[in-house]
Engineer: 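First the structure, which I've put down as structure tokens, then a few questions once you've had a look.
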Amino acid sequence: MLSSYQYPKFEYRRPPEIAERRDGRHPVVVVGAGPVGLAAAIDLAIHGVPVVLLDNDDTVSIGSRGVCYAKRALEIMDRLGCAEEMVQKGVSWNVGRTFFREQEVFNFNLCPEPDHHRPGMINLQQYYLEEYLVRRAQSLPNIDLRWKNNVIAVTDHGERVSLRVETPDGAYGIDTGWLIVADGARSPIRHMMGLDIEGRIFMDRFLIADVVMKADYPAERWFWFDPPFHPNQSVLLHRQADNVWRIDFQLGWNVDPEEEKKPEKVIPRIRAMLGEQREFELEWVSVYTFQCRRMHEFRHGRLLFTGDAAHQVSPFGARGANSGIQDSDNLVWKLKLVLDGSAPERLLDSYSEERVVAADENIMNSTRSTDFITPKSAISRIFRNAVLGLAKDYPFARALVNSGRLSVPSVLTASRLNTPDAEVFAGNMVPGAPMDDAPIESAGGERWLLQAAGNRFQLLYGMPDAADVDVATAAAFAALAEGAIPVETLVVAERGTAPGGLKTLLDAKGRIRERYDLKPGTTYLIRPDQHVAARWRGFDSARVRAALARATCNALGTPP
């Protein structure tokens with residue numbers, strides 16, 4: 001098969017524990033240098049936490065695997081310093097189209113609003129994403145990235161975790177205060193610890209074929225039900241970087257996966273779809289089975305499970321890597337506060353609580369998509385096809401078409417870290433919601449709200465003229481910035497410059513006022529992962545401190 005990508009080989013280095021004949025001790029160890037483990041390690045390093053990252057391989061993922069990265073994942077990658085490369089290399093898209101047989105019956109736009117920095121989705125082969133993340137990790141001084149280091153044993157001692165690691169130079173021991181487990185769907189560490197993962201395996205199989213070809217199809221997601229070139233089944237088409245196109249063919253359950261991966265079986269399917277005149281070459285082929293499963297809890301003592309190690313969903317909807325990246329985004333700031341002694345360990349329980357809710361949303365949506373795509377009975381297929389037949393002409397039927405509801409971030413409205421609203425607000429920025437982006441002008445050079453937000457607790461404070469922030473309010477903002485858990489204030493204004501060195505964001509097009517219902521004096525408390533923690537119609541330092549205590553589990557009244 002053709003390879004459009006040159007796989008790097010990362011250098012194995014003899015671990016110091018072996019060279020110095022001693023066991024190591026590190027505050028945090030991450031196992032698994034896939035997208036989720038790399039994102040967690042980079043985020044920890046940005047927060048100033050030294051981290052050891054162990055991986056049993058010495059290259060990036062083989063084959064494109066994860067392809068679609070949603071707007072929220074790109075916003076997180078912006079914060080980690082990797083999104084620009086991803087967007088420049090990947091294929092940006094917002095529009096998806098669904099066909100029944102030969103006729104389009106439904107389409108959608110992932111980003112119908114103007115003035116967002118990132119697109120609704122990009123398509124990019126996973127090996128590129130991992131390469132960019134490795135490069136970023138290598139640029140940070142406090143990440144010890146160890147290739148060909150295979151974890152063969154784990155022991156949780158309560159106050160620490162011990163690992164036994166096998167390398168080309170032999171085995172060594174390493175202790176850590178916290179272990180982030182990102183070792184994939186089969187998770188050897190989950191098995192070593194005897195932890196269950198529960199859910200559903202769907203009785204269907206899909207063939208992935210990555211083909212290299214030149215085609216002038218638009219950068220859109222195309223999904224067919226019962227097309228003439230693959231009758232009674234479904235097909236998905238995506239464009240990726242380097243003129244690589246991802247094609248997914250539904251196969252049914254009663255097929256031999258190894259037989260279906262053979263070129264003599266794959267190529268005729270593709271020719272039937274593309275036509276005899278279209279030239280293409282196979283790059284990668286795989287067969288997968290749908291699974292929707294998760295662990296009961298993602299925190300087990302000092303082991304913190306993330307990504308596919310904690311939860312798995314069927315690939316329709318692009319929920320796997322996107323959800324895993326949001327896991328690390330949720331986890332790292334909490335772990336940093338615990339390591340610093342600024343928050344109790346029970347804050348890490350909220351990681352499991354919040355991300356279990358997100359996983360359940362993903363599993364629910366993924367299960368519904370899978371049930372629609374792969375009807376389990378003749379009656380279900382008749383109903384599904386009737387919906388598709390009506391969708392072209394009737395809006396009610398379009399709402400029932402489910403070719404894979406695409407990944408959206410979870411709105412954590414039920415989180416115990418939120419301070420509930422006491423006043424009336426319009427819009428979507430409720431406590432627990434991830435921040436909406438908007439264009440700004442800033443003395444710091446930022447052009448987008450989310451470039452100015454994240455990595456720390458912050459206030460958004462709305463004023464028509466930033467210069468009107470009075471002396472007492474400016475002093476109260478300064479006191480919050482010097483607290484045990486600092487809170488930085490961002491004054492959002494139509495004009496002017498805030499006094500006392502406060503950072504001013506000029507709401508260039510009024511989108512912040514629109515999206516946050518930011519009337520004069522309105523104040524938002526934002527978490528380090530860019531989720532809303534609380535909001536008020538006026539600034540009150542005592543209320544901010546109480547909400548901060550609640551958001552970090554430092555308040556005696558924090559709900560259990």
Side-chain angles (χ1 to χ4, degrees), residues 1-5 7 57 59-68 99 101 123 125-127 184-186 199-213 215 221-240 242-293 308 312-318 320 366-367 369-378 380-381 384 403-404:
M1 293 185 186
L2 175 73
S3 177
S4 64
Y5 177 77
Y7 287 87
D57 204 352
T59 189
V60 295
S61 67
I62 304 301
S64 64
R65 298 186 184 275
V67 166
C68 300
F99 303 87
R101 300 185 177 123
N123 293 344
Q125 296 91 313
Q126 184 172 321
Y127 45 70
R186 293 183 175 87
R200 180 178 172 190
I201 297 175
F202 292 85
M203 305 294 279
D204 208 338
R205 291 190 172 98
F206 275 73
L207 170 76
I208 296 174
D210 278 359
V211 302
V212 181
M213 66 177 181
R221 177 190 194 261
W222 288 359
F223 193 102
W224 288 266
F225 290 97
D226 192 16
F229 53 82
H230 194 54
N232 300 315
Q233 305 283 23
S234 59
V235 179
L236 175 64
L237 177 69
H238 274 291
R239 180 182 177 184
Q240 305 175 75
D242 302 332
N243 290 315
V244 176
W245 295 76
R246 160 68 65 82
I247 308 174
D248 290 46
F249 291 97
Q250 184 182 7
L251 298 176
W253 182 247
N254 296 315
V255 297
D256 182 339
E258 294 306 313
E259 190 69 20
E260 293 297 332
K261 288 192 288 187
K262 293 179 179 178
E264 59 266 30
K265 294 282 285 186
V266 176
I267 289 173
R269 295 188 190 281
I270 298 172
R271 289 208 186 284
M273 176 182 180
L274 301 177
E276 292 292 331
Q277 305 307 312
R278 177 75 64 186
E279 295 183 2
F280 65 87
E281 294 188 63
L282 286 177
E283 183 186 69
W284 181 63
V285 174
S286 183
V287 173
Y288 62 84
T289 302
F290 289 168
Q291 299 185 56
C292 287
R293 308 188 297 167
D308 285 351
Q312 296 137 39
V313 292
S314 64
F316 288 111
S366 186
T367 299
S369 297
T370 304
D371 285 339
F372 193 85
I373 292 165
T374 62
K376 302 303 179 289
S377 68
S380 295
R381 184 176 293 275
R384 194 275 308 272
S403 58

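Worth knowing before you read on, the calculation uses all heavy atoms, side chains too, and leaves out hydrogens, waters and symmetry mates.
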Engineer: Go through the structure and list residues passing salt bridge (charged side-chain N to carboxylate O under 4.0 Å, His left out) with E264, not counting sequence neighbours.
Structural biologist: none
Engineer: Roughly how far, to the nearest 0.5 Å, is the OG1 atom of T374 from the CZ atom of R381?
Structural biologist: 8.5 Å
Engineer: Partners of R65 by salt bridge (charged side-chain N to carboxylate O under 4.0 Å, His left out), sequence neighbours excluded?
Structural biologist: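 Listed in chain order: nothing, the list is empty.
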Engineer: How would you list, by chain and number, every residue that makes a side chain to side chain contact (heavy atoms under 4.5 Å, CB included) with E258, sequence neighbours excluded?
Structural biologist: D256, K261
Engineer: Using salt bridge (charged side-chain N to carboxylate O under 4.0 Å, His left out) as the criterion, list what pairs up with D308, not counting sequence neighbours.
Structural biologist: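 Scan of D308 (salt bridge (charged side-chain N to carboxylate O under 4.0 Å, His left out), adjacent residues dropped) gives none.
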Engineer: Looking at every heavy atom in both P257 and V287, which two are closest together, and how far apart are they?
Structural biologist: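 What the structure gives for the nearest pair is O-CG2, 3.7 Å.
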Engineer: Should the ring pair Y7 and Y127 be called parallel, tilted or perpendicular, given that the plane angle runs from 0 to 90° and is split at 30 and 60?
Structural biologist: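 Judged by the thresholds at 30° and 60°, the geometry between Y7 and Y127 is perpendicular.
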Engineer: Is it the case that the side chain of Q125 and the backbone of S64 share a donor-acceptor pair, with hydrogens and angles ignored and the cut-off at 3.5 Å?
Structural biologist: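 Between the backbone of S64 and the side chain of Q125 there is no qualifying donor-acceptor contact (under 3.5 Å).
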Engineer: Counting only pairs under 3.5 Å, give me each side-chain donor-acceptor contact of residues 222-231, with atom names and distances, residues two or more places apart or in other chains.
Structural biologist:
unit_1	atom_1	unit_2	atom_2	d
W222	NE1	E220	OE1	3.0
D226	OD1	N232	N	2.6
D226	OD2	R101	NE	2.9
D226	OD2	R101	NH2	3.3
H230	NE2	Q250	O	2.6

Engineer: CZ of R278 to CD of E276: how many Å apart, nearest 0.5 Å?
Structural biologist: 12.5 Å
Engineer: Do you know which of L274, N243, I270, V244 makes side-chain contact (heavy atoms from CB on, under 4.5 Å) with M213?
Structural biologist: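 Result for side-chain contact (heavy atoms from CB on, under 4.5 Å) with M213: L274.
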Engineer: Measure the CZ-CG distance between R221 and L237 for me, rounded to the nearest 0.5 Å.
Structural biologist: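 Going from CZ on R221 over to CG on L237, the span is 10.5 Å.
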Engineer: Determine whether a donor-acceptor pair (N or O, by modelled atom type, separation under 3.5 Å) exists between the side chain of R239 and the backbone of W245.
Structural biologist: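 Judged by distance alone, no pair lies under 3.5 Å.
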Engineer: Can you give me the closest heavy-atom contact between W253 and D204, atom names plus distance?
Structural biologist: CE3-N, 3.2 Å
Engineer: Is there side-chain contact between M273 and F249, with at least one heavy-atom pair below 4.5 Å?
Structural biologist: yes
Engineer: Taking all non-hydrogen atoms of both residues, which atom of R293 and which atom of R200 are closest, and how far apart?
Structural biologist: CG-N, 3.7 Å
Engineer: Calculate, to the nearest 0.5 Å, the distance between atoms CG and CG belonging to D248 and L207 respectively.
Structural biologist: 8.0 Å
Engineer: Would you check if Q233 and L251 make a side-chain contact, meaning some heavy-atom pair closer than 4.5 Å?
Structural biologist: no
Engineer: Ignoring hydrogens, what is the shortest heavy-atom contact between K265 and E259? Give both atom names and the distance.
Structural biologist: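 For K265 and E259, the tightest heavy-atom pair comes out as CG-O, 3.3 Å.
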Engineer: With the side chain counted from C-beta on, respond yes when D242 and E283 share a heavy-atom pair under 4.5 Å apart, and no when they do not.
Structural biologist: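 No, too far: nothing below the 4.5 Å cut-off.
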Engineer: Using atom types as modelled and distance alone, determine if a side-chain donor or acceptor of Q312 lies under 3.5 Å from a backbone N or O of Q291.
Structural biologist: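 Absent.
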Engineer: Are R246 and I208 close enough, and set up right, to give a side-chain contact (heavy atoms from CB on, under 4.5 Å), and what steps lead you there?
Structural biologist: CA-CA 7 Å; R246 160 68 65 82; I208 296 174; 3.1 Å; yes
Engineer: Side chain of R384, backbone of I373: donor and acceptor closer than 3.5 Å?
Structural biologist: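 It does hold such a pair.
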Engineer: Taking only residues two or more places apart in sequence, or in another chain, which ones meet S380 in a side-chain hydrogen bond (donor to acceptor under 3.5 Å, both in side chains)?
Structural biologist: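 S380 satisfies side-chain hydrogen bond (donor to acceptor under 3.5 Å, both in side chains) with S377 once adjacent residues are dropped.
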Engineer: Indicate yes or no: at least one non-hydrogen side-chain atom of F99 is less than 4.5 angstrom from one of V235.
Structural biologist: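 Counting from C-beta outward, F99 and V235 never come under 4.5 Å.
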